[in-house]
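Only one structure is covered here, and it is reproduced in the block below.
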Amino acid sequence: MASLVSSWSSDLKCLPDNYVLPEGKRPGMPVPVSNDIPVIDLGDGLDYSRADMVQQIAKAGQDFGLFQVINHGVSKELMADAMNVSKEFFGMSTEEKAQYYIDSVALEEKAGCRLYTSSGYFLAQGFDFWKDTLQHPCHPLQNHINSWPDKPKNYREVMGPYTTQVRKVAMKIMDMIYQGLGLEADDTEKEFDNYNLAFSINHYPACPDPALALGCCRHSDPAILTLLQQEVYGLQLEKDGHWIGVKPLPDAFVVNIGLLLEVISNGKLKGAVHRAVTNSACSRNSLVTFVGCPTDVTIKPAAALISPTNPPLYRAFNNKDFHEFVFANNAEFEAVIAYLKLKT
Ligand code: OGA
Ligand code: NI
């Protein structure tokens, strides 16, 4: 258990060598937050129509691959409770967390609930990331909730409704994304039921040298859509070859397009390339809900988006094979993109 960053990092003055990234991968100078990233109001009774909302989402998905949503329907109280429970979880003693911990060797085999450190890829890549993660599946809730932590004592009581409601927001957004792409709502709705949901709590302890370490590597999520809640800054988006900071907005979800949706949309929507930096002042938790496809389905560009003038840019692949590839390649962005794209 010595390996969870949160179990040994407090009061540390110097960054251990295995967290010092190779030169090209370091975050370097701080990146300011950007006011350009779209913030989309999903509230009822707005002075613009659903069609406008669909357009805003489509444009944000194309231009940024990432946007924030407000008035999404998850209550402020539930969001605050979820953030607090996540802090209580990581605030527990090392001994209490030990029962959930799994080392990087066993990580690949273990589905279900797991607590791990770094990216879980250390053996292959030779360096570590400054983060601990608790992750578990969520949908359908009754199939999974009993595998979730039972400490803190209200963990399941809070995270059950939280993940269920975040899923509803995700489905609403997906519906509008599919509409924006011109794909049939009827067909997709049936499939939405099969979409799975994974929930992660990322915990980034205060870091003695944020310029040399990263909390989370440069990557694009191997999912359909990701919804993230944060209160401390740390998430950055790569846009036109530069990093820009995603501003923590109270009560907002950061929504980012995942690689599966990039493929399904045949590149109309961009999977957001992002990373998480650390800071020396305080720890940071992010609550991340990933909407994914069932493991054994074939993912490919939607037939309705393909024509002689719009040939497929991505190949058809099995989702399970894809996830195995991502894991085997340390989520290396270039390798993952090369796996998905058809050679032109
Ligand atoms: C992730 C991720 C960013 C963050 O978990 O996939 O990108 O800010 N997290 O925690
Ligand atoms: Ni991510």
Side-chain angles (χ1 to χ4, degrees), residues 5-6 25 27 30-31 33-34 37 61 64-69 79 82-83 86-87 89-90 107 113-121 128-138 159 163 166 170 196-207 210 213-239 243-250 252-262 269-279 282-292 322-323 326-327 329-333 336-337:
V5 186
S6 50
K25 295 186 189 286
V31 172
V33 294
S34 163
I37 294 172
F64 290 85
L66 181 147
F67 50 92
Q68 306 216 46
V69 294
M79 291 181 79
M83 186 55 83
S86 79
K87 290 177 189 169
F89 179 85
F90 279 100
L107 191 65
C113 183
R114 63 247 184 109
L115 172 65
Y116 59 94
T117 192
S118 186
S119 61
Y121 306 132
D128 270 319
F129 293 100
W130 193 260
K131 120 173 134 67
D132 298 327
T133 297
L134 173 71
Q135 187 177 71
H136 53 67
C138 305
M159 295 311 188
T163 53
V166 174
N196 56 39
L197 206 67
F199 179 63
S200 286
I201 303 173
N202 293 318
H203 175 70
Y204 306 95
C207 175
L214 272 178
C216 196
C217 69
R218 174 178 182 255
H219 71 284
S220 213
D221 297 340
I224 290 267
L225 203 67
T226 305
L227 274 73
L228 177 144
Q229 179 185 342
Q230 58 173 351
E231 62 181 9
V232 173
Y233 171 61
L235 177 62
Q236 299 180 343
L237 171 72
E238 195 179 79
K239 169 100 170 87
W243 289 103
I244 58 177
V246 182
K247 199 177 191 167
L249 296 178
F253 285 106
V254 178
V255 180
N256 77 256
I257 306 285
L259 289 168
L260 300 183
L261 199 48
E262 176 171 328
L269 302 172
K270 291 280 169 256
V273 183
H274 56 285
R275 68 182 185 184
V277 296
T278 62
N279 75 82
C282 63
S283 65
R284 167 176 183 261
N285 278 14
S286 63
L287 310 187
V288 194
T289 311
F290 302 96
V291 180
F322 173 53
H323 276 83
V326 172
F327 198 91
N329 287 273
N330 304 332
E332 258 310 318
F333 181 70
V336 171
I337 289 293

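Residue numbers start at 1 and run along the sequence shown. One-based numbering, in listed order, for ligands and for the atoms of each.
Close approach of ligand 1 to D221 (heavy-atom distance below 4.0 Å) involves ligand atoms 6 (O). Within ligand 1, the atoms closer than 4.0 Å to a non-hydrogen atom of A276 are 4 (C), 8 (O), numbered from 1 in the order shown. Every atom of ligand 1 with a heavy atom of F290 under 4.0 Å away is listed here by number and element: 1 (C), 5 (O), 6 (O).
Side chain of S220 to main chain of A272: a donor-acceptor pair is present (N/O by atom type, distance under 3.5 Å, no hydrogens or angles). Here the side chain of T117 pairs a donor or acceptor atom with the backbone of K131 at under 3.5 angstrom. Under a 3.5 Å cut-off, the side chain of Q68 and the backbone N or O of V246 do not form any donor-acceptor pair. Judged purely by atom type and a 3.5 angstrom limit, H274 has no side-chain atom pairing as donor or acceptor with the backbone of L235. Although no hydrogens or angles enter the test, the distance criterion places a donor-acceptor pair under 3.5 Å between the side chain of D132 and the main chain of S6.
The single protein non-hydrogen atom nearest to atom 4 (C) of ligand 1 is Y204 OH, 3.2 Å, given as residue, atom name and distance. When only non-hydrogen protein atoms are considered, atom 5 (O) of ligand 1 lies nearest to N202 ND2, 3.0 Å.
Heavy atoms only, all atoms of each residue included: I201 and S86 are closest at CG2-CB, 3.6 Å. A170 and L227 make their closest contact through CB-CD1, 3.9 Å (heavy atoms, listed as atom of the first residue, atom of the second, distance). A pairwise comparison of heavy atoms in P205 and S283 identifies CA-CB, 3.8 Å as the closest pair.
Within the structure, ligand 1 has H219 among the residues with a heavy atom less than 4.0 angstrom away. Contact analysis leaves T226 out of contact with ligand 1, as no non-hydrogen atom separation drops below 4.0 angstrom.
Among protein atoms, those of element N, O or S found less than 2.8 Å away from the Ni ion (ligand 2) are H219 NE2, D221 OD1, H274 NE2.
Below 30°, between 30° and 60°, or above 60°: for H203 and F90 the angle between ring planes is below 30°, a parallel geometry.
Which of H274, Q230, R284 comes nearest to atom 8 (O) of ligand 1 through a heavy atom is settled by distance: it is R284.
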Q | Criterion side-chain contact (heavy atoms from CB on, under 4.5 Å) on L259 and I337, from CA distance to verdict | A | CA-CA 9 Å; L259 289 168; I337 289 293; 3.8 Å; yes

